[in-house]
Peer 1: 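Supplied in structure tokens, the structure appears directly below.
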Amino acid sequence: MSWKTALYNYVHAKNEAELEGSSAPLEAFVSDSAYVRKQDVKVRRLLNSYRERDAKLLRGETKLRLLGVKELPYGIIADIQLHRFLTYQIGLIEHQEERIESERVIIEHHALGWKVQSAELIQSEKSQPSRGHSFHLSENQTFLDTQSSSPSLPYINPSIRNTSGLEFAHRKIIYNRPKAVQYAEKWWQTPNPSYEYFEVDCTNYVSQCLFAGGAPMDYTGKRESGWWYGGKKGHQELWSYSWAVANSLHHYLERPHVHGLTGTVVKNAWELEPGDTISYDWDGDGRFQHNTFVIAKDANGMPLVNAHTFNSRNRYWAYKDSPAWSERTKYMFIHVADEM
């Protein structure tokens, strides 16, 4: 058996574990018992989440893409991308969720053949944003750059710059929810090259969706105030913290604004509509670390979201399958104003 076969067996077993709600399929293909235990917690939590929704998992599919490989004396280190498809049913209605995850997998050669030793996620939904990057193990161990940022085009519309607050007094903006959702669907899997791309891109993506729906930028020219994006000028980053940092966008949205983008905190997830946002405080310490964008509702009337970082489409809002989720996780549901 080749190392590639061992890798394919691992991916297939991971898919089966998710469908069964048990890590048992992984035990024959992964030698790291600690990793298997972590996967067991994750897949059981996911299965319980489906049961709570009266949802039945029907089938799963995983497409494997090999991003980079390094041969070492003891085996192989492979960076992979997994495009996951989960189909489930609520009542008579079928839904399909998609997720894209990147992993670094260590495959070792033993006397009996190749076996996956361990795996780890390359990205984290808890990190703060930084620029796109190329990852390296050492000077002579270069992997394929999958996250390099494209040159960002200045995307700010001069006609909506708000320097005095008076511009908005003469016009009313209607938030176009279908258009915002259309944008979210178009760019959930790959980044829009008109914008800078971040290693942790969730809030940048949500801001783009809001802007696509007609939410006007609040241009102050100061990173710590307003909500705006102006691309890059040399090495100078021209955007507000609220555009790209999860906690900053959350606080900008929940604060009332006389003109421009604003939102209202609602108590329940079911009160949200497509075009609204959800903020996630993974640790329950009052600091929000992730944002998602509501694009639809399931058969129970609960939000389904799109997101970046772990690029996701039609993902159930509670995110209990995320490695960042904990029992302390708190959510904030933001209903975006229809008139701005």
Side-chain angles (χ1 to χ4, degrees), residues 10-11 14-15 17-18 35 38-39 41-43 45-47 49-50 60-68 78-88 95-105 119-133 135 145-149 184-192 195 197-209 244-247 249-250 277-283 288-296 303-326 329 331:
Y10 159 74
V11 172
K14 189 169 184 176
N15 190 68
E18 199 160 61
Y35 173 79
K38 287 181 181 179
Q39 290 298 301
V41 171
K42 177 183 176 182
V43 296
R45 186 190 297 150
L46 179 63
L47 185 62
S49 176
Y50 279 107
E61 178 187 356
T62 302
K63 293 182 179 180
L64 169 64
R65 180 186 175 195
L66 195 60
L67 301 178
D79 280 6
I80 64 174
Q81 183 184 86
L82 303 176
H83 190 161
R84 317 288 297 280
F85 300 82
L86 278 175
T87 303
Y88 61 93
H95 297 279
Q96 185 177 77
E97 174 183 330
E98 295 181 60
R99 284 176 283 142
I100 297 176
E101 301 173 358
S102 297
E103 292 186 358
R104 180 162 291 162
V105 184
E120 63 178 7
L121 291 168
I122 293 175
Q123 298 166 301
S124 171
E125 288 167 324
K126 296 182 71 170
S127 301
Q128 293 300 317
S130 62
R131 292 192 60 223
H133 69 287
F135 43 84
D145 180 2
T146 63
Q147 301 227 318
S148 59
S149 54
E185 289 284 76
K186 181 177 181 179
W187 297 107
W188 79 269
Q189 187 171 349
T190 56
N192 184 343
Y195 292 91
Y197 179 67
F198 298 88
E199 179 183 354
V200 178
D201 199 58
C202 61
T203 304
N204 177 38
Y205 169 72
V206 169
S207 288
Q208 291 174 35
C209 295
V245 179
N247 198 53
L249 176 61
H250 166 78
T277 71
I278 302 176
S279 301
Y280 299 75
D281 172 5
W282 300 123
D283 305 309
F288 293 89
Q289 299 150 302
H290 188 54
N291 285 302
T292 64
F293 193 77
V294 179
I295 57 102
L304 300 174
V305 300
N306 283 15
H308 273 194
T309 303
F310 286 167
N311 292 6
S312 305
R313 178 176 181 269
N314 275 338
R315 190 170 180 175
Y316 189 61
W317 69 268
Y319 258 66
K320 289 188 176 181
D321 59 323
S322 169
W325 190 90
S326 73
T329 295
Y331 309 92

Peer 1: Is any side-chain heavy atom of W188 closer than 4.5 Å to a side-chain heavy atom of I100?
Peer 2: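 Contact flag for W188/I100 side chains = yes.
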Peer 1: Under 3.5 Å, is there a donor on one side chain and an acceptor on the other for D201 and T309?
Peer 2: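 No, T309 and D201 have no side-chain donor paired with an acceptor closer than 3.5 Å.
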Peer 1: For the backbone of Q189 and the side chain of N311, can you confirm whether one donor and one acceptor N or O come within less than 3.5 Å of each other?
Peer 2: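 Yes; at least one donor-acceptor contact below 3.5 Å.
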Peer 1: Would you say the side chain of N314 lies within less than 4.5 Å of the side chain of H95, judging by non-hydrogen atoms?
Peer 2: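 When only atoms from C-beta onward are counted, N314 and H95 do not touch, as no gap falls below 4.5 Å.
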Peer 1: Rounded at 0.5 Å granularity, tell me how far CZ in F85 sits from CG in N15.
Peer 2: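 CG of N15 is found 11.0 Å from CZ of F85.
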Peer 1: Do Y195 and S207 have side chains that get closer than 4.5 Å, going by heavy atoms?
Peer 2: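 Not touching, per the 4.5 Å side-chain cut-off.
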Peer 1: Drop me the distance from L67's CG to R104's CZ, to the nearest 0.5 angstrom.
Peer 2: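 If I round to the nearest 0.5 Å, the distance is 10.0 Å.
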Peer 1: If you measure from CG on D79 to OG on S102, what distance do you get to the nearest 0.5 Å?
Peer 2: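 Spacing of CG (D79) from OG (S102) equals 8.0 Å.
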Peer 1: Flag the pair K63 / L82 as yes when at least one side-chain heavy-atom distance between them is below 4.5 Å, and no otherwise.
Peer 2: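 Of all side-chain heavy-atom pairs linking L82 with K63, none is under 4.5 Å.
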Peer 1: Identify, with sequence neighbours excluded, every residue that meets side chain to side chain contact (heavy atoms under 4.5 Å, CB included) alongside T87.
Peer 2: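 So T87 forms a side chain to side chain contact (heavy atoms under 4.5 Å, CB included) with L58, R59, E94, Q96.
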Peer 1: Tell me every residue that passes side-chain hydrogen bond (donor to acceptor under 3.5 Å, both in side chains) with Y280, counting only those two or more places apart in sequence or in another chain.
Peer 2: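 Testing Y280 for side-chain hydrogen bond (donor to acceptor under 3.5 Å, both in side chains), a comparison that skips the adjacent residues, returns T292.
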Peer 1: Taking N291 for the side chain and T203 for the main chain, is one N or O donor matched with an acceptor at less than 3.5 Å?
Peer 2: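 Between the backbone of T203 and the side chain of N291 there is no qualifying donor-acceptor contact (under 3.5 Å).
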Peer 1: Going by the side chain to side chain contact (heavy atoms under 4.5 Å, CB included) test, name the single residue among E101, E98, E61 that passes it with R84.
Peer 2: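 That would be E101; it is the only one of E101, E98, E61 passing the side chain to side chain contact (heavy atoms under 4.5 Å, CB included) with R84.
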Peer 1: Quick one: does E97's side chain get under 4.5 Å of L304's, heavy atoms only?
Peer 2: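 They are not in side-chain contact.
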Peer 1: What I'd like to find out is whether the side chain of T277 reaches to under 4.5 Å of the side chain of L249, using heavy atoms alone.
Peer 2: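 SC-SC contact between T277 and L249 ruled out.
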Peer 1: Among residues at least two apart in sequence or on other chains, which ones pass side chain to side chain contact (heavy atoms under 4.5 Å, CB included) with K186?
Peer 2: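 If we apply the side chain to side chain contact (heavy atoms under 4.5 Å, CB included) test to K186, skipping adjacent residues, there are no hits.
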Peer 1: Just by distance, do the side chain of R45 and the backbone of K320 share a donor-acceptor pair under 3.5 Å?
Peer 2: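 Indeed, once roles are kept as given, a pair shorter than 3.5 Å links the two residues.
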Peer 1: Contact between D283 and Q289 at the side-chain level, heavy atoms closer than 4.5 Å - yes or no?
Peer 2: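 With C-beta onward as the side chain, the pair touches.
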Peer 1: On the 0 to 90° scale, with breaks at 30° and 60°, tag the H290-Y319 ring pair as parallel, tilted or perpendicular.
Peer 2: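 Geometry flag for Y319 against H290: tilted rings.
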Peer 1: Parallel, tilted or perpendicular: which fits the ring planes of H308 and Y205, with parallel below 30° and perpendicular above 60°?
Peer 2: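 Answer is parallel, since the angle falls under 30°.
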Peer 1: Considering only heavy atoms from C-beta outward, does the side chain of D281 approach that of H250 to under 4.5 Å?
Peer 2: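 No - every pair of side-chain heavy atoms lies 4.5 Å or more apart.
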